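These notes are about the structure you will find just below.
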Amino acid sequence: MAVSRDTAAPAARVRSALADVRGAAARSRGFGTIRPRVTRLIQDFPGLALSLRRLKLDALAANQELVHLAVERMRANGMQVFLARTNQEALDYIRSVLSAPGLVVKSKSNMGKELHLAEALVGHGLEVIETDLGDRINQLAGTPGGHVLAPAASKDREEIRELFARELGRDLSSDPEVLVGAARESLRSFLERADYGVTGINALAAETGTVCLVENEGNIRAATVLPRVHVAVGGIHKIVRSLEDAVLVIRGASVFGAGQNLGNYVTCISGPGDGESGPEEMHVVLVDAGRSDAIARGYAEAFTCINCGSCLSFCPVYGQIGDAFGHRRVGGIGCLQTALLEGDEAGELDGASLCIKCGKCRTVCPVQLDTPGLLIRLQQERSRPNRGWIFPVMAATVADRRLLRVMGRFVRAYQKTGLQHFVRGSRVLLPLGLEPAEALLPDRPSPTFVPPLSLAAQGGERARVAFFRGCLADELLGGINRDTLDVLVVNGCRVSVPREQVCCGAIHMHAGDANKARELARRNIDAFRGDEIVVTNSGGCGYLLKLYGELLADDPAYARLARDFACRVRDLSEFLMALGLRDMAGIDPPVRVTYQDSCHLALGQGITEQPRHVLRSIPGVEFVEMESREACCGSGGLWGLKYPELSRRLRRIKLEDATMIGAPIMATGNPGCYLHLQGGEIEVMHIAELLAAGYRGGGVGAGWGGGCGLSRRRVRAGRAS
Amino acid sequence: MTGSTVARDWSRHLAGWSRPTPDLVTAAEAMFKAQGWHVLRTANLDEARAHLDSLIAPGASVVVHESRPWESVGFEAVLRARGVRVERFGFPGAEGDRASLTAASVGVTGATAVVAETGTVLLAADDAYGQLISNLPYMHVVVAPTFKVVATLDDGLWLARRYAERVFGRAVPRYLGGISGPSRTGDIEFVMVPGMHGPGRVHLVLLDVEPGPEMLGDLPADLLYP
């Protein structure tokens with residue numbers, strides 16, 4: 001597949017970032033510290049994210065009015081306020097304020113980064129010193145720093161030691177305390193003689209005209225009061241109503257971003273100093289630069305972001321490639337904002353397509369910002385069709401049962417004839433760009449399995465369910481569907497498998513083809529008329545099936561039907577835990593099993609306990625919890641085909657996690673993860689396969705010989721009846 | 001009420017002031033310690049003086065921001081008698097030399113509110129000296145009465161607003177600082193190191209005293225002044 005011009009940059013960045021072993025190790029250490037801290041602390045603030053989300057959405061809905069009020073109140077406080085329509089206007093104004101030559105002490109500022117403010121001021125003949133330690137480290141190294149809270153997250157202490165030793169002209173130890181002492185001494189000398197202090201804005205309270213800032217180091221406090229002139233610069237989306245609201249924003253940033261009860265220093269300034277104790281002049285530069293347009297276009301949510309950096313700390317992609325996930329702005333939210341403010345091309349260049357859409361960010365966000373959802377929505381609104389040929393072929397195939405069957409036959413022939421061994425050995429697909437797609441195929445051919453239209457319950461009927469077969473899994477992993485039906489039947493379910501069902505549409509949604517997804521959704525809703533529970537063994541399918549109500553909300557003929565349908569959808573483990581599993585013989589010899597959370601199941605549907613409960617219920621399964629270093633296994637559907645090296649890196653990490661806990665078997669509830677993870681040193685099994693083995697008795701078996709053998713009998717029975 | 005229940009209570013309520021319960025003060029002490037403050041709570045001014053004596057070395061240079069409790073302890077005279085250089089800022093009629101702020105080794109301030117849920121000293125002022133004095137020297141000492149302990153940040157903001165309204169005739173103070181422990185950075189491998197730009201050591205001296213009779217509207221003046 002030819003790499004088109006505007007994706008070349010992110011792909012090239014990914015390759016060099018993946019080669020930076022030292023940076024990855026530094027991030028891994030850092031995030032290994034901050035992730036558990038944040039995860040633990042946010043449990044103590046159950047309502048905070050929802051309150052903040054509402055507060056910010058409310059402030060953005062009234063943004064025009066609040067901008068007006070804030071400007072008026074700040075001027076009444078004696079501040080000089082400039083409302084910049086564009087980045088250029090903001091830069092021009094700041095340059096006019098800093099007209100005399102001098103020394104600028106600058107603190108961390110996202111807007112400053114967007115404006116390339118430091119470079120612009122240096123070009124203007126000023127000396128600019130970054131005073132945040134992480135930023136200073138990057139300034140000395142000449143590297144950009146992307147992570148909001150930890151700009152030097154990709155540098156280790158040895159590298160930092162070298163930088164400060166060079167700057168101070170003396171040898172230092174690499175002990176962090178020594179390095180911090182050296183940085184204090186050096187930066188203090190700049191702060192004390194600075195002419196200008198330039199800071200960002202964390203939140204701006206409109207009612208009192210108050211600029212609010214938060215930090216841990218104390219450089220912001222110094223930069224706001226030591227120099228003669230203080231310039232604070234921020235986007236108009238930072239405006240909230242009251243001082244109390246602003247402090248709540250700071251609270252959220254502290255808890256979610258740093259895992260801290262409250263940032264060390266909160267600074268709220270409601271006027272310039274008297275010229276004696278504080279600065280003579282205070283300037284506030286509020287930048288619109290497309291924000292009010294984006295809000296008017298219905299994308300206010302993208303600007304509820306309070307820049308705490310939590311999403312970056314938890315993002316599996318950022319974890320692996322760091323600042324290469326971004327350019328002007330960093331991470332999924334950064335790319336989203338770039339796309340909204342500067343256009344799709346710019347967003348793409350920043351790396352919007354690098355978002356794997358696992359949804360981890362949303363669960364750790366102080367405003368529950370749905371970055372993946374907004375990126376998908378933006379993609380759907382694009383007029384540009386998706387490039388390349390893999391997607392259209394794949395999309396057409398999964399949407400058509402007959403084409404799927406043909407593909408399935410082809411794949412099985414490919415596997416059985418030994419062609420697969422030849423292809424994998426010779427790597428002939430490499431120049432064609434098809435190797436990542438081929439690698440997803442199972443190592444062994446899956447048994448041909450065409451599910452019957454209906455199956456009778458065994459041992460007394462307890463429930464009536466309809467089974468959603470899925471598409472790719474149906475053809476490539478038929479054994480899983482067979483085992484799923486077996487498990488349902490032995491648990492007393494009468495199962496129907498509607499013939500007219502089609503692909504759920506997730507692949508089309510992901511690729512931005514919402515219309516095709518809606519068409520498939522309508523066909524599925526028609527196929528599943530009735531009131532049975534709809535059971536799926538695919539976390540990915542289940543996620544979208546449960547969203548049909550929202551997908552078809554504007555379709556007058558289907559809105560209600562879609563909502564009703566969505567309410568009936570259950571994941572296999574969710575359904576079985578609620579139903580209660582019947583006793584089983586168990587697996588013998590016993591096996592040690594760990595479980596891999598599928599993003600669509602765990603983060604998308606909140607199903608984490610049910611699969612574990614089901615696995616623990618199987619006699620002979622010793623369930624062990626692995627420590628997942630990254631949220632996602634790196635499959636991501638088409639994403640994995642676009643970024644194969646990154647996808648393989650995440651896969652390897654997940655397999656190593658299982659190895660570390662000593663589990664030879666990793667269970668999963670999603671065929672997408674299954675296809676991606678299989679073929680390595682860890683045996684990957686669907687929960688349905690382990691359950692079927694449990695009901696069958698004996699060992700787990702090697703791959704597809706399994707099943708309880710029930711459905712084959714039921715097939716005949718079903719057809720006879 | 002324990003420290004942890006205070007920490008979990010982030011709910012916002014803008015009620016008026018009421019005297020802190022003994023449990024709240026105890027919870028505040030625990031949270032301040034958890035945030036890295038060294039805390040002494042005492043009703044005995046001799047003990048407070050002895051404690052300050054142990055903190056402030058004979059060779060120190062001290063800068064002080066307006067603080068009624070600091071005045072009540074009367075330690076400044078002791079320091080001066082000992083030849084320690086003490087400069088006062090923000091007190092009525094007493095302005096120190098701004099240049100000496102950067103050379104000082106100890107900064108002393110009062111507090112507008114002592115916030116239990118976060119271990120935060122809120123410092124409201126119309127001048128920027130409080131910000132400088134609590135930031136530039138390596139040691140920061142806060143002297144505050146226990147009746148300034150409040151449960152939540154919003155309670156603290158409430159007091160800061162009343163102070164600004166009744167003393168400066170403004171809705172909010174020009175400078176409002178929240179300090180929740182020593183300056184720190186985690187920028188090197190996420191290892192927390194104290195004393196990056198601001199003080200590496202922070203002390204809170206909580207005095208178990210009663211507010212004086214002077215009132216500002218319906219609130220004791222000692223409650224509003226730092």
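From a predicted model like this one, the values you see are computed outputs, not experimental measurements. Labels below follow one simple rule: chain letters A, B, ... track the order of the sequence lines, proteins then strands, and each chain is numbered from 1.
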Taking NZ, NE, NH1 and NH2 as the nitrogens, is one of them in A:E244 or B:R161 under 4.0 Å from a carboxylate oxygen of the other? yes
Kindly determine whether B:T185 and A:E217 satisfy side-chain hydrogen bond (donor to acceptor under 3.5 Å, both in side chains), including the steps that lead there. CA-CA 6 Å; B:T185 181; A:E217 295 185 359; 2.9 Å; yes
Identify the heavy atoms of B:A128 and A:S277 that sit nearest to each other, and give their distance. N-OG, 2.8 Å
Structural part of B:R98 lying under 4.5 Å from a heavy atom of chain A: side chain
Contact listing (chain A partner; residues 218-226 of chain B; heavy atom under 4.5 Å): none
Do B:S134 and A:R221 get their side chains close enough for a donor-acceptor pair, meaning under 3.5 Å? yes
Can you check side chain to side chain contact (heavy atoms under 4.5 Å, CB included) on A:K155 and B:I188, steps first, answer last? CA-CA 8 Å; A:K155 291 197 169 45; B:I188 301 176; over 6 Å; no
Verify, without hydrogens or angle tests, whether A:N264 (side chain) and B:P182 (backbone) share a donor-acceptor contact under 3.5 angstrom. yes
Taking 4.0 angstrom as the limit, do B:E117 and A:R251 come out as a salt bridge? yes
Please classify the contact of B:T102 with chain A as side chain, backbone, both or neither, using a heavy-atom distance under 4.5 Å. both
N/O donor-acceptor pair under 3.5 Å between B:N135 side chain and A:G218 backbone: yes
Keeping A:R188 on the side-chain end and B:H197 on the backbone end, is there a donor-acceptor pair under 3.5 Å? yes
Which portion of A:R136 sits near chain B, non-hydrogen atoms under 4.5 angstrom: neither
Treating B:T118 as the side-chain partner and A:N261 as the backbone partner, does any N or O pair qualify as donor plus acceptor under 3.5 Å? no
Please determine whether side chain to side chain contact (heavy atoms under 4.5 Å, CB included) holds for the pair A:I269 and B:R174, giving the CA-CA distance in whole Å, both sets of side-chain angles, and the decisive distance to 0.1 Å. CA-CA 6 Å; A:I269 305 173; B:R174 202 172 275 168; 5.6 Å; no
